[in-house]
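Below is one structure, written out as structure tokens, with a few remarks after it.
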Amino acid sequence: MSKREWGIDDPEETYWFNTHTGLVEDGPQSLSIDRIGPFTTREEALHAQSIIAERARVWREEDDADDRLR
């Protein structure tokens with residue numbers, strides 16, 4: 001059983017996307033400036049850039065909606 005399954009947060013059991021190499025890392029391995037994450041699965045980390053882009057789009061739409069209310 002993994003630490004995560006026991007409810008223990010361990011940065012070594014997370015996945016990161018390295019923007020410099022384009023690779024997924026098991027646990028934080030590179031400089032923080034080159035990493036996006038953490039993600040709970042390798043699959044999420046692999047799609048980090050599209051996840052970030054989608055979150056940014058949603059936030060932008062929310063900000064625009066807030067601006068229209070003022």
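Note: hydrogens, waters and symmetry copies are ignored here, and every other heavy atom, side chains too, is used.
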Run the numbers on Ser30 and Asn18 for side-chain hydrogen bond (donor to acceptor under 3.5 Å, both in side chains), then give the verdict.
CA-CA 7 Å; Ser30 59; Asn18 184 310; 3.1 Å; yes
Please go through Ile33's hydrophobic cluster and name the other residues, only I, L, V, M, F, W, Y counting, with side-chain heavy atoms under 4.5 Å joining them.
Leu31
Partners of Gln29 by side-chain contact (heavy atoms from CB on, under 4.5 Å), sequence neighbours excluded?
Glu25, Asp26
Quick one: does Thr19's side chain have a donor or acceptor within less than 3.5 Å of a partner on Asp34's backbone?
yes
Residue pairs passing the salt bridge (Lys or Arg N to Asp or Glu O under 4.0 Å) test where at least one lies in residues 47-56, sequence neighbours excluded
Glu54-Arg57
Mind checking side-chain contact (heavy atoms from CB on, under 4.5 Å) for Ser32 and listing every partner two or more places apart, or none if nothing turns up?
Arg35
Check the hydrophobic clustering (I, L, V, M, F, W, Y; side-chain heavy atoms under 4.5 Å; chains of links allowed) and say if Phe17 and Leu23 are grouped together.
no
Can you name the closest pair of heavy atoms from Tyr15 and Thr41 and give their distance?
CD1-C, 3.4 Å
Please examine the side chains of Arg42 and Leu46, heavy atoms only from C-beta on, and report whether any two atoms are closer than 4.5 Å.
no
Measure the CZ-CG distance between Arg68 and Asp64 for me, rounded to the nearest 0.5 Å.
6.0 Å
Residue pair Ile36 / Ile52, side-chain heavy-atom distance below 4.5 Å:
yes
